[in-house]
Structures are given as C-alpha cells and as structure tokens.
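In listed order, ligands and their atoms are each counted from 1. No hydrogens, no waters, no symmetry mates; every other heavy atom, side chains included, goes into these values.
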Amino acid sequence: MQIKQRRSKKVSEILNDLSLSSKRGVAWLIDPDEFDFEKLEEEFFWQASQAELDLIFIGGSQGLTTGVDELISALQQKLPSIPKVIFPGSELQISDQADALLFLSLLSGRNPEYLIGQQVKAVEKLRSSQLEILSTAYLLVNDGDICSVHRKSETFPLLNQDIDQIVNTALAGKYLGMRHFYLDAGSGSDSTVSPEVIKAVKSAVNRPLIIGGGLDSLEKVQRCFDADADLIVIGNQAQKNPDFLIEVLDYKRFYNAALHIDE
Ligand SMILES: CC(C)=CCC/C(C)=C/CC/C(C)=C/CC/C(C)=C/COP(=O)(O)OP(=O)(O)O
Ligand SMILES: O=P(O)(O)OC[C@@H](O)CO
Ligand SMILES: [Mg+2]
C-alpha cells in the first residue's frame, strides 16, 4: 500500500503513455532464482535511477516462490521510485509487495495450464490484493530456438516467418479483451523477435507492446526501438553484465531525445 501511494502513475498509464507516444521504455527483468543482490554496487543503483529505468519486472521461468517478497523489499530500498511488476512463471510468484502483475495467458501455445489453469489458481490470492492487474497476451516468438520457458510450458514458439499467424494470435487476444501484448523470444534466446513481426503486431493491435528475449546488444535494442516496440526487456545480459543495462538506458535517453528534436 505504502509503495502504491507514493506513485503518481499506474503501470498501465506508463505503458499507455509509451504506446501513444513515440518514446521507448526499458524494463529490467530480475529472476529471483538467480539474483545476487550483494554483487551489485551502490553506484549501479544510483545510475539506474538517474538513467530513468521505466519498470522492474520480477519473475523466473521456473515459477519458484522463494525470495520474491525479499527481492521486492530489497529493490524498494534501493530503487523506491521505479514500479515493480510481477512477470510470473507461475501463480506462486504473485507478491503483494509489487505494484502490478502481468496477468499472462500464453496464447502462442496450446497448453491449457498456461492458457487458463494458472490464471484460475491465482484468483484466490488476487481477490484480496491491491495489485494492479494487467491483462496480457503473451506470445513466444523466435526462429525456432527452445529456451527454458518453452520447456517449462511444454509449448513451441511461433516462428518469426509466420507473421500472419502471429498477428492473428495477437488480434485474437485483443478481441478477447487483452490490453497489453508481450512478444518474447525466451530468456537467453539466440534469435530475437524480428523487426517485421514487431511492426506488424504493433500496427494490428495498436496497444502497448513489450518485446524481450535475447536482447544482448545495442544493435538488437535499436532494431526493436525502430520497429515500434514500446518497452523492451533486458534480463540475462544485465545479470551477466550490469553495465549493459546502464548502456541501454543511456541509449534509450539518447533515442528519445533525438525523436523529440525531430518533432
Ligand atoms: C497469470 C499467472 C498468475 C500466471 C501466468 C503463468 C503463465 C501463463 C506463464 C507463461 C509461461 C511461463 C513459464 C513464463 C515464464 C516467464 C518468465 C518469468 C521468464 C523469465 O525467464 P528466466 O527465468 O529469466 O529465464 P531462465 O530460466 O533462462 O533463467
Ligand atoms: O533474459 P533475456 O534474454 O533478456 O529475456 C528477457 C525476457 O523477455 C525473457 O522472458
Ligand atoms: Mg531463470
């Protein structure tokens, strides 16, 4: 509660603002299974808040419950002004300490547990919670790489080349009433969501579009920004090298400022 009262904007408003403007946003994904807080210097947290990190996502593909509350409390101490959003690998990762929850349905697959099973299991916890619930169509898309999210969900990704199928899947989510869209290549994926797919989905759904998976260079980030991604997610590469996240944030600032000059 205390956390939410201090914020001026809801997470849905932050996403809508990004979607309606040509500005790009960056989220840092922290996997509570693997995160070692001790390793990060104070300097890193200072730079992250100065560099206008938009959101922090918390979640892991294994969906384990351990450490989620502790992680969010620790983040609250270090980065109090940045909204914290649960990106759940399972309903067990829901925490009231966060500001919002990506209420995902894995539309690229046909596993009922990830289409509706986990969501129903989450309801008891959500009925009494203050979390902002963000209905999110979640699609796994890459060139055929199999990552831990595919193994965990027992689904295959849609292929970048099948643009019509991807757009139709995203639009089916929109027609079902979903308001946010997340195309994910999978954590650490060799291939990313292609710019053609990003462009096609964004122009079809015209709603906030989140892109992640395998973004490990500024070139890949730029391709997503140029293709109209509203928010990109950096996980693995920030864990390997925290300076990379700061570089991406600096790049975003430069990118958004350049857009402003052109306007
Ligand atoms: C809505 C509720 C309550 C639950 C949703 C449950 C669903 C549909 C999940 C989608 C499928 C799934 C398993 C997604 C995982 C998303 C995630 C947190 C990925 C982060 O991956 P990492 O844990 O960083 O990857 P590694 O395993 O490679 O470390
Ligand atoms: O860990 P990376 O490869 O950055 O992927 C982030 C996220 O989109 C995975 O679900
Ligand atoms: Mg993980």
Quiz item: Under 4.0 Å from ligand 1, counting heavy atoms only, is it the side chain of P88, its backbone, both or neither?
Solution: both
Quiz item: Are there more than 12 heavy atoms of other residues, nucleotides or ligands under 6.0 Å from atom CD of Q50?
Solution: yes
Exercise. Just need the protein heavy atom nearest to atom 8 (O) of ligand 2, so name the residue and atom and give the distance.
Key: Y182 OH, 2.9 Å
Quiz item: Any N or O of Q119 that comes nearer than 3.5 Å to an N or O of ligand 1?
Solution: no
Quiz prompt | Atom indices of ligand 1 within 4.0 angstrom of A122 heavy atoms, with elements | solution = 3 (C)
Exercise. Assess whether salt bridge (charged side-chain N to carboxylate O under 4.0 Å, His left out) is satisfied between K9 and D17, documenting all intermediate values.
Key: CA-CA 10 Å; K9 267 192 193 174; D17 287 354; 2.5 Å; yes
Self-check item: pair T155-Y114: side-chain heavy atoms closer than 4.5 Å
Solution: no
Exercise. Check ligand 2 against G212 and write out every atom of the ligand that is under 4.0 Å from a heavy-atom position of the residue.
Key: 8 (O)
Quiz item: With side chains defined as the heavy atoms from C-beta onward, is the minimum distance between F156 and I146 less than 4.5 Å?
Solution: yes
Quiz item: When you check the side-chain N and O atoms of K78 and S49, is any donor under 3.5 Å from an acceptor?
Solution: no
Practice problem: Would you mind telling me if ligand 1 is within reach of the side chain of K121, the backbone, both or neither, using heavy atoms under 4.0 Å? | Solution: neither
Exercise. Mind checking whether S61 contacts ligand 1 via backbone (N, CA, C, O), side chain (CB onward), both or neither, at a 4.0 Å heavy-atom cut-off?
Key: both
Quiz item: Can you tell which part of L29 has a heavy atom less than 4.0 Å from ligand 2: side chain, backbone, both or neither?
Solution: side chain
Quiz item: Which ligand 2 atoms are under 4.0 Å away from a heavy-atom of G213?
Solution: 3 (O), 5 (O), 6 (C), 7 (C), 8 (O)
Quiz prompt | Under 3.5 Å donor-acceptor, E52 side chain and R253 backbone | solution = no
Quiz item: Do any nitrogen or oxygen atoms of S90 lie less than 3.5 angstrom from nitrogen or oxygen atoms of ligand 1?
Solution: no
Practice problem: Taking only heavy atoms of F87 into account, list the atoms of ligand 2 that are under 4.0 Å away from them. | Solution: 10 (O)
Quiz item: Does the side chain of S21 reach to within under 4.5 Å of the side chain of D230, using non-hydrogen atoms?
Solution: no
Quiz item: Of all the atoms in ligand 2, which lie at a distance below 4.0 Å from a heavy atom belonging to N236?
Solution: 1 (O), 2 (P), 4 (O)
Practice problem: Would you mind listing which atoms of ligand 1 come within a distance below 4.0 Å of any non-hydrogen atom of E91? | Solution: 3 (C)
Quiz item: What's the shortest distance from atom 10 (O) of ligand 2 to any protein heavy atom, and which residue and atom give it?
Solution: D184 OD2, 2.5 Å
Self-check item: Residue S148 vicinity, atoms of ligand 1 by number, heavy atom under 4.0 Å
Solution: 25 (O), 26 (P), 27 (O), 28 (O)
Quiz item: What atoms of ligand 2 come closer than 4.0 angstrom to any heavy atom of S187?
Solution: 1 (O), 2 (P), 3 (O), 5 (O), 9 (C)
Self-check item: Heavy-atom check, side chain of K252 versus side chain of D54, under 4.5 Å
Solution: yes
Practice problem: Would you mind checking which non-hydrogen protein atom is closest to atom 4 (O) of ligand 2, with the distance to 0.1 Å? | Solution: G235 N, 2.8 Å
Quiz item: Which word best sums up how the rings of F45 and W28 line up, parallel for under 30°, tilted for 30 to 60°, or perpendicular for over 60°?
Solution: tilted
Quiz item: Excluding sequence neighbours, so at least two apart, what forms side chain to side chain donor-acceptor pair (under 3.5 Å) with D143?
Solution: N160
Quiz item: Nearest non-hydrogen atom to atom 19 (C) of ligand 1 belongs to which of F87, Y114, F35?
Solution: F87
Exercise. Name all residues meeting the salt bridge (Lys or Arg N to Asp or Glu O under 4.0 Å) criterion together with K121; count only those two or more places apart in sequence or in a different chain, and write none if there are none.
Key: E113
Quiz prompt | Atoms in ligand 1 with a heavy atom of E34 nearer than 4.0 Å | solution = 29 (O)
Quiz item: Would you say R179 has more than 12 foreign heavy atoms packed within less than 6.0 Å of its CZ?
Solution: no
Quiz item: Of the choices T155, V149, I116, which has the non-hydrogen atom that lies closest to atom 14 (C) of ligand 1?
Solution: V149
Exercise. Find all atoms of ligand 1 within a distance of less than 4.0 Å from any non-hydrogen atom belonging to S187, and give their numbers and elements.
Key: 21 (O), 22 (P), 24 (O), 25 (O), 28 (O)
Exercise. Mark up the atoms of ligand 2 that fall under 4.0 Å of a heavy atom belonging to G188, in ascending order.
Key: 1 (O), 2 (P), 3 (O)
Practice problem: Kindly say whether L218 contributes a backbone atom to a donor-acceptor pair with the side chain of E247 at under 3.5 angstrom? | Solution: no
Quiz item: Do N111 and S153 have a side chain donor and acceptor closer than 3.5 Å?
Solution: no
Self-check item: Ligand-residue contact atoms, ligand 1 with D31, heavy atoms, under 4.0 Å
Solution: 22 (P), 23 (O), 24 (O), 29 (O)
Practice problem: With heavy atoms only and a cut-off of under 4.0 Å, state how F244 meets ligand 2: side chain, backbone, both or neither. | Solution: neither
